[in-house]
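In what follows, a single structure is set out as structure tokens and then discussed.
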There are 2 protein chains.
Amino acid sequence: MNKQSLKLRIISAARELLLSDGYRNLSLRKIARSIGVSATSIYLHFESKDDLVHTLIEEAIERLNRALEISVVNKKSPVKKLEALAQTYVSFALKHPREYQVIYLVSSEEMTRYPKKKFRKARKGYGLVLDVLTEGISCGKIEEENPNIAAYTFWAQLHGVMSVVLSERLDTRIDQNEFIEEAINHIISGYITYDSLKLENIVDN
Amino acid sequence: MNKQSLKLRIISAARELLLSDGYRNLSLRKIARSIGVSATSIYLHFESKDDLVHTLIEEAIERLNRALEISVVNKKSPVKKLEALAQTYVSFALKHPREYQVIYLVSSEEMTRYPKKKFRKARKGYGLVLDVLTEGISCGKIEEENPNIAAYTFWAQLHGVMSVVLSERLDTRIDQNEFIEEAINHIISGYITYDSLKLENIVDN
DNA sequence: GGTAGCAGTTAACACCGTTAAGTCGTAAGT
DNA sequence: ACTTACGACTTAACGGTGTTAACTGCTACC
């Protein structure tokens, strides 16, 4: 009937409903209704609701990763790259809060275990940070004895900051943007050497 | 019938089921069944399921706060206090993962808005960090131009780390404990001055 | 022309949160 | 002592959920 395959139509309907109504109000019946098929048709292409949501998560992760990759290409110094990654991460979370939050739905409590093979893609962002860190270490601008772990710490810290912001746990007297900016500075300065900390503001890119 | 009031029996049954089966499988009917009353009885004491869960969250926050308060009393240096707070926070999350995760259920997507007045209690932990930071600043061991914001970034970073650990997003080749330890060091060193960073390992408490 | 298989359907199951109406015992009022 | 009122609790029901099994109709092939 429709040009797109049913599977694609399901995915985009699901994404649309997720973004408009939130994960909490996402139901298979609503998704099906919105594209004029029966709810059970979804099971022809996904083995469960969680399976469908997993692909939405995958999508979101890919979009975030793409944004991160792009943000880094025209930056020369590793420190600038690190800053770009952090800034892009934060912007993504602010611009697409529901999409961002769905990425972190992979918690063991809210969803059946995220399949291991899909984690590969999720780790691409981690790889980006790792590359920047090792590059920075080799040219002495970044100090880190175990970059494998540091790359994860970097993500974790950023996620923590955005999670506090998005769940509106912030004291109303604290300005959100100021908080984010200060947090990013804090996180980044934790990775770079004292020397480049002072130099960075002079040189571009 | 029972000695305890029904409200208390509901709360403790709910907590028990939450810890054993997870938030995802928590239902009013199961809670009611487990204490031998009808599901609608819950509405005599709570105005909705979310309301009940909110009190569970409140409980969990209080337990975490209590642990944090205790951890800090016999420490003398602000830096040691900060370390104790971080360590206690992490231990709590590891020892009671479900209880910890329920605290962060207050996200706008999973739950109706957490009532503002209950946020007061939640901010007690924030107050603890703030005190330690201002104390450290006044004696020159901690460097921070805006402690109000810094107290939040401290929480946020810790939460990010534990959220990555608990959602099992960590690369299997990375040792969990090593990651946590390194992350804590990273976060803490972001707040203390270069001098005390070198001195801390010599003096106790 | 029959038939196998695929894409989609309907019907049903067992659950869910929530509301309205009913029951039953106890305490107070007269 | 009889009625009334009220509180604590239950039953019945509504509209929703994810998921399974059985059915329909169509298309392609032998």
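Order of the sequence lines sets the chain letters (A, B, ...), proteins ahead of strands, with each chain counted from 1.
DNA chain D is contacted by B:R29 of residues 26-34 of chain B, taking any non-hydrogen atom closer than 4.0 Å.
Residue pairs that meet the salt bridge (charged side-chain N to carboxylate O under 4.0 Å, His left out) test with at least one member in residues 144-159 of chain A, sequence neighbours left out, do not exist here.
Proximity of a side-chain donor or acceptor of B:Y104 to a complementary backbone N or O of B:S163 within less than 3.5 Å is not detected.
Heavy-atom contacts from other residues, nucleotides or ligands closer than 6.0 Å to CD of B:E16 number 12 or fewer.
Here the closest heavy-atom approach between residue A:F179 and residue B:A156 is recorded as CZ-CB, 4.3 Å.
Looking at heavy-atom distances under 4.0 Å, A:S48 makes contact with sugar-phosphate atoms alone, never a base.
Scanning for side chain to side chain donor-acceptor pair (under 3.5 Å) contacts around B:S38 gives B:T40, B:S41, with sequence neighbours left out. Residues satisfying the salt bridge (charged side-chain N to carboxylate O under 4.0 Å, His left out) test with B:E178, not counting sequence neighbours, are none.
The side chain of B:Y43 approaches C:dT19 more closely than any other nucleotide in the set D:dT11, C:dT10, C:dT19.
Between B:L44 atom CG and D:dT11 atom C1' there is a gap of 14 Å when expressed in whole angstrom units. Atom NZ of B:K7 and atom C1' of D:dA8 are 15 Å apart (whole Å). When rounded to the nearest whole Å, the span between NZ of B:K49 and P of C:dT18 equals 8 Å. Whole-Å rounding puts the A:L17 CG to D:dG16 P distance at 15 Å. As rounded to whole Å, 12 Å separates atom C1' of C:dT9 from atom CG of A:L6. For B:H45 and D:dT10, the NE2 to P distance is 11 Å, given to the nearest whole Å. The interatomic distance linking B:F46 (CZ) with C:dT19 (P) rounds to 16 Å, in whole Å. Distance, B:N25 CG to D:dG18 C1': 13 Å, rounded to whole Å.
Using a 30° and 60° split on the angle between ring planes, B:Y100 and B:Y89 fall in the perpendicular class, above 60°.
In terms of phosphate contacts, B:S41 brings a side-chain nitrogen or oxygen within less than 4.0 Å of OP1 or OP2 of D:dT10.
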Taking only distance into account, with no hydrogens and no angle test, what donor-acceptor pairs under 3.5 Å do side-chain atoms of residues 63-71 of chain B form with protein atoms, sequence neighbours excluded?
| from | atom 1 | to | atom 2 | distance (Å) |
| --- | --- | --- | --- | --- |
| B:R63 | NE | B:E99 | OE2 | 3.4 |
| B:N65 | OD1 | B:G125 | N | 3.4 |
| B:N65 | ND2 | B:K121 | O | 3.1 |
| B:S71 | OG | B:L68 | O | 2.7 |
| B:S71 | OG | B:T88 | OG1 | 3.2 |

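Rounded to 10°, the helix from C:dG1-D:dC30 to C:dT30-D:dA1 has 30° between the axis fitted to its first five pairs and the one fitted to its last five.
Between A:H45 atom NE2 and A:K7 atom NZ the span is 7.0 Å, to the nearest 0.5 Å.
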